[in-house]
Amino acid sequence: MLPKEQLIEKWTSSGIVKDKRVIGAFKKIPREIFVPEDKMDEAYGDYPVSIGKGQTISQPSTVVIMTEALEIKEGDKILEVGTGSGYHAAIISCLIGNKGKLVSTEIIPELAKLAQKNIKKLKIKNIKIIEHDGSEGYENEAPYDKIVITAACPKIPNPLINQLKENGIIVAPVGDMNEQLMIKGTKKNGKLAEEKMGNFIFVPLKGKYGY
Ligand code: SAM
């Protein structure tokens, strides 16, 4: 079995990921495009891979778990904080369809450019990558149906809660720089109803509401 198929088998047999659409997106997007050339043989290892500038492409299991938690529907407008390589953005792009839109923010200019290049290779049209401090959200395109933060944050930044629609979902790793608890927050009456999804380790969120 190929490493990519082994991952799918691991997720489906353990029940970690149940949404067939998420598995379908994982099958469709070639992760090897998003890892550095000299690390291509590590594309389907279930661990984060360095993409330069001290940053990483998140491990495949983390990407699919977070994506499933977002409960993405076709046509959703989504904000991603932390584009990195653009891989997670590409997975999300499969689920929102042509009518959906993903706005993805990246604070490191070189990585924003790298992600734009990667996304272009796959001819993906429903993603807009912006070099921006996403800890403040991105007011110009708000409100969003879903928001995903792919870096460790001390708390979920208030501007992001404000930019989320009522009944919208935000998924974010919250904690200190050593370990974070993945939070799935659903906005009810202007506040987040939170579910805990277990512990993860991410690179820190920078910017105004980060570390
Ligand atoms: N989603 C990415 C992928 O698929 O490759 C992985 C993201 S990596 C774990 C976290 C990213 O968040 C890094 O690229 C980092 O530069 C970015 N980041 C950190 N703070 C940020 C901020 N305030 N606004 C936008 N991006 C930020």
Side-chain angles (χ1 to χ4, degrees), residues 7 22 25-26 28-36 39-40 42-70 72 78-95 102-119 121-122 124 127-142 144 146-160 163 170-175 177-180 182 200-211:
L7 279 177
V22 174
F26 177 75
K28 188 171 168 194
I29 299 299
R31 196 167 187 268
E32 51 275 29
I33 284 188
F34 296 87
V35 297
K39 296 199 176 81
M40 249 185 213
E42 296 185 59
Y44 295 101
D46 204 10
Y47 45 83
V49 174
S50 167
I51 52 170
K53 299 283 162 194
Q55 305 303 320
T56 54
I57 171 171
S58 306
Q59 84 181 75
S61 290
T62 304
V63 172
V64 291
I65 288 168
M66 291 176 84
T67 305
E68 183 172 83
L70 286 169
I72 297 172
I78 302 187
L79 174 69
E80 180 186 36
V81 179
T83 319
S85 66
Y87 176 68
H88 200 164
I91 295 283
I92 291 173
S93 88
C94 296
L95 301 170
L102 172 68
V103 178
S104 186
T105 57
E106 173 54 56
I107 204 163
I108 300 178
E110 290 86 346
L111 292 182
K113 285 190 187 70
L114 171 76
Q116 278 159 350
K117 219 168 84 189
N118 289 340
I119 291 300
K121 278 185 203 158
L122 296 180
I124 294 173
I127 303 178
K128 178 169 159 184
I129 296 171
I130 302 159
E131 189 193 312
H132 177 72
D133 174 8
S135 77
E136 298 184 79
Y138 190 66
E139 188 67 53
N140 292 1
E141 295 270 3
Y144 302 97
K146 315 280 158 64
I147 298 178
V148 60
I149 308 180
T150 69
C153 37
K155 69 186 271 275
I156 297 180
N158 277 333
L160 294 180
Q163 290 171 28
I170 184 164
V171 174
V174 179
M177 283 200 261
N178 298 319
E179 195 178 45
Q180 306 89 39
M182 191 67 75
F200 290 80
I201 299 171
F202 277 81
V203 292
L205 182 75
K206 297 173 191 156
K208 190 170 174 190
Y209 295 89
Y211 284 104

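Both counts, for ligands and for their atoms, begin at 1 and track the order of listing. Hydrogens, waters and symmetry mates are skipped; everything else that's a heavy atom, side chains included, is used. Just so we're clear, the structure is a prediction, and the values are computed from it rather than from any experiment.
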Original post:
Gly210: heavy atom below 4.0 Å from ligand 1, yes or no?
Top reply: no

Original post:
Counting each atom of ligand 1 from 1 as listed, which ones have a heavy atom of Leu205 under 4.0 Å away?
Top reply: 20 (N), 21 (C), 22 (C), 23 (N)

Original post:
For ligand 1, does Ile51 get within less than 4.0 Å through its side chain, its backbone, both, or neither, judged by non-hydrogen atoms?
Top reply: neither

Subject >> For atom 19 (C) of ligand 1, the protein heavy atom that lies nearest, with its residue and separation >> reply: Lys206 N, 3.7 Å

**OP:** May I ask you to list the atoms of ligand 1 that are less than 4.0 angstrom from any heavy atom of Ile108?
**Re:** 16 (O)

Subject >> Which residue and heavy atom of the protein sit nearest atom 16 (O) of ligand 1, plus the separation >> reply: Glu106 OE2, 2.6 Å

Subject >> Distance from atom 6 (C) of ligand 1 to nearest protein heavy atom, with residue and atom >> reply: Thr56 O, 3.4 Å

Subject >> For Leu111, atoms of ligand 1 separated by under 4.0 Å from a heavy atom >> reply: 14 (O)

Subject >> Contact atoms of ligand 1, heavy-atom distance to Tyr87 under 4.0 Å >> reply: 4 (O)

**OP:** Find all atoms of ligand 1 within a distance of less than 4.0 Å from any non-hydrogen atom belonging to Gly134, and give their numbers and elements.
**Re:** 22 (C), 23 (N), 24 (N), 25 (C)

Original post:
Who's the nearest protein heavy-atom neighbour of atom 26 (N) of ligand 1, and how far?
Top reply: Ile107 N, 3.2 Å

Original post:
How about Lys121: does its NZ atom have over 12 heavy atoms from other parts shown lying under 6.0 Å from it?
Top reply: yes

Original post:
What protein heavy atom is closest to atom 15 (C) of ligand 1, reported as residue, atom name and distance in Å?
Top reply: Gln55 OE1, 3.3 Å

Original post:
Can you check whether Ser50's main-chain N or O pairs, donor with acceptor, with Thr56's side chain at less than 3.5 Å?
Top reply: no

Original post:
Is His132 near ligand 1, meaning one of its heavy atoms is under 4.0 Å from it?
Top reply: yes

Subject >> Positive for side-chain contact (heavy atoms from CB on, under 4.5 Å) with Val81, one of Leu205, Asp133, Thr150 >> reply: Leu205

Subject >> Protein heavy atom at shortest distance from atom 5 (O) of ligand 1 >> reply: Ser85 OG, 2.7 Å

**OP:** Name the closest protein heavy atom to atom 7 (C) of ligand 1, giving the residue it belongs to and the distance to 0.1 Å.
**Re:** Thr150 OG1, 3.3 Å

**OP:** Measure the distances from the heavy atoms of Thr83 to every atom of ligand 1 and state whether one is below 4.0 angstrom.
**Re:** yes

**OP:** Tell me, please: is Glu80 in heavy-atom contact with ligand 1, that is, under 4.0 Å?
**Re:** yes

**OP:** Identify, for atom 1 (N) of ligand 1, the protein heavy atom at the shortest distance, and state residue, atom and that distance.
**Re:** Gly82 O, 3.1 Å

